[in-house]
There are 2 protein chains.
Amino acid sequence: MGKAYNIMSATCVSRVVLHRIGARWTVFIVNALEAGPMRFTQLKAHIRGITPKALTETLRALETDGLISRTDLGGNPPHVEYALTDLGRSLLVPLRAVRQWAETHVPEITAARERAASR
Amino acid sequence: MGKAYNIMSATCVSRVVLHRIGARWTVFIVNALEAGPMRFTQLKAHIRGITPKALTETLRALETDGLISRTDLGGNPPHVEYALTDLGRSLLVPLRAVRQWAETHVPEITAARERAASR
DNA sequence: CAGTATCCAAGGGGATACTG
DNA sequence: CAGTATCCCCTTGGATACTG
């Protein structure tokens, strides 16, 4: 790993990033926001199966790390918009690399699993 | 996402890959094996803090997906070697992209967290 | 609309001890 | 050496209902 960071540390940022990316809903949200800002309910509708609780938690986590922004436009009924920050948008690059890899190697992974299952 | 795969599916391979990468010990093992094959105890010593249970589980999972190979060389005491497969080695590429991103953006993430914490 | 509040189940992961 | 076997905790995440 990079000499400046200790990958074994629980607080190592690489680790945290990996973990956040691997979290249940992160990529869905980041991906949804790639097209532009979205409101809470829009996201909930777009990401089928997510509960408000999970959506809130993931949004807060992403906001904490500066990957998305939350803008309260006030009014009644409320109007809140979530958007990718520049930092969040830059994350799309490595994310695409992973997805690319995953899609390229689906056959190999599937084959490996079937081999493992039939044993 | 790629048109051929349904990312919302629980069994979507992209999802599983992300999850596996994000798992606690995966990157440690993959990274350790980059230098060459290793034995169980070598890995355990190299990856400080890992318990035999966690090591076994992660190795099995990686083997199931065809990312590493397990070779029993027999004998007594036993001699088992783990190595990256070609597939596993290819995973190093997107993994490096993520790490690169993480290390590049450490300052921004840290700053965002401190901003979030002081509120 | 944009969330909170609860409750609950599953399992990931750690600590420790033991074995073929 | 290369694992198993337990036990236990605690976080993640789902379901459901409610609110300013």
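Residue numbers begin at 1 in each chain, while the letters A, B, ... track the order of the sequences.
Residues from residues 66-77 of chain B with heavy atoms under 4.0 angstrom of DNA chain D, sorted by number: B:Arg70, B:Pro77.
In this structure, B:Leu59 atom CG and D:dC1 atom C1' are separated by 14 Å, rounded to whole Å. Atom pair A:Met38:CE and C:dC1:P shows a separation of 15 Å (rounding to whole Å applied). Remark: P of D:dC1 and CG of B:Leu43 are 13 Å apart, rounded to the nearest angstrom. At whole-Å resolution of the value, CD1 in A:Ile47 and P in D:dG13 are 13 Å apart. In this structure, the CD atom of B:Glu81 is 12 Å from the P atom of D:dG3, given to the nearest Å. Rounded to an integer number of Å, the gap from B:His19 NE2 to D:dT11 C1' is 12 Å. Put simply, CD on B:Glu63 is 14 Å from P on D:dA2, counting in whole angstrom units. The interatomic distance linking A:Gln42 (CD) with C:dC1 (P) rounds to 10 Å, in whole Å.
Closest approach to the B:Phe40 side chain among C:dA2, D:dA2, C:dG13 is made by D:dA2 (side chain taken as heavy atoms from C-beta onward).
A:Ala83 pairs by the side chain to side chain contact (heavy atoms under 4.5 Å, CB included) definition with A:Pro37, A:Ser69, not counting sequence neighbours. For B:Gln42, the side chain to side chain donor-acceptor pair (under 3.5 Å) test picks out no residue, with sequence neighbours left out. In this structure B:Arg70 satisfies the side chain to side chain donor-acceptor pair (under 3.5 Å) test together with B:Tyr82, sequence neighbours excluded. With sequence neighbours excluded, no residue forms a side chain to side chain donor-acceptor pair (under 3.5 Å) with B:Thr110. In this structure A:Glu108 satisfies the salt bridge (charged side-chain N to carboxylate O under 4.0 Å, His left out) test with no other residue, sequence neighbours excluded. With sequence neighbours excluded, no residue forms a side chain to side chain donor-acceptor pair (under 3.5 Å) with B:Glu81.
Between B:Arg60 and the phosphate of D:dT4, there is a side-chain N or O to OP1/OP2 separation shorter than 4.0 Å. A sub-4.0 Å separation between OP1 or OP2 of D:dG3 and a side-chain N or O of B:Arg39 is absent. Side-chain N/O atoms of B:Tyr82 include one lying less than 4.0 angstrom from OP1 or OP2 on D:dG3.
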Could you give the side-chain donor-acceptor pairs of residues 53-67 of chain A under 3.5 Å, partners two or more places apart or in another chain?
{"residue": "A:Thr56", "atom": "OG1", "partner": "A:Pro52", "partner atom": "O", "Å": "2.9"}
{"residue": "A:Thr58", "atom": "OG1", "partner": "A:Ala54", "partner atom": "O", "Å": "2.8"}
{"residue": "A:Thr64", "atom": "OG1", "partner": "A:Arg60", "partner atom": "O", "Å": "2.9"}
{"residue": "A:Asp65", "atom": "OD1", "partner": "A:Arg20", "partner atom": "NH1", "Å": "3.4"}
{"residue": "A:Asp65", "atom": "OD1", "partner": "B:Arg113", "partner atom": "NE", "Å": "2.6"}
{"residue": "A:Asp65", "atom": "OD1", "partner": "B:Arg113", "partner atom": "NH2", "Å": "3.2"}
{"residue": "A:Asp65", "atom": "OD2", "partner": "A:Arg20", "partner atom": "NH1", "Å": "2.6"}
{"residue": "A:Asp65", "atom": "OD2", "partner": "B:Arg113", "partner atom": "NH2", "Å": "3.1"}

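For residues 48-67 of chain A, there are no ring pair (Phe, Tyr, Trp, His ring centres under 6.0 Å) pairs, not counting sequence neighbours. Sorted by first and then second residue, the ring pair (Phe, Tyr, Trp, His ring centres under 6.0 Å) pairs with a member in residues 51-74 of chain B form an empty list; sequence neighbours excluded.
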* Contact state string [nucleotides 15-20 of chain C, B base, S sugar-phosphate only, - no protein heavy atom under 4.0 Å] -> B-B--B
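Under the 3.5 Å distance criterion, the side-chain polar atoms of A:Asp72 are matched with a main-chain donor or acceptor of A:Gly74.
Secondary-structure annotation of DNA chain D gives the stems C:1-20 with D:1-20, with a stem taken as at least 3 successive Watson-Crick or G-U pairs whose two distances both fall under 3.5 Å.
Of the two residues near DNA chain C, A:Lys44 and B:Gly22, the one whose nearest nucleotide lies more 5' is A:Lys44.
When side chains are defined from C-beta on, A:Val80 does not count as touching A:Thr71, because their heavy atoms never get closer than 4.5 Å.
Salt-bridge annotation for B:Arg96 and B:Glu34: present, with a side-chain N of the basic residue lying under 4.0 Å from a carboxylate O of the acidic one.
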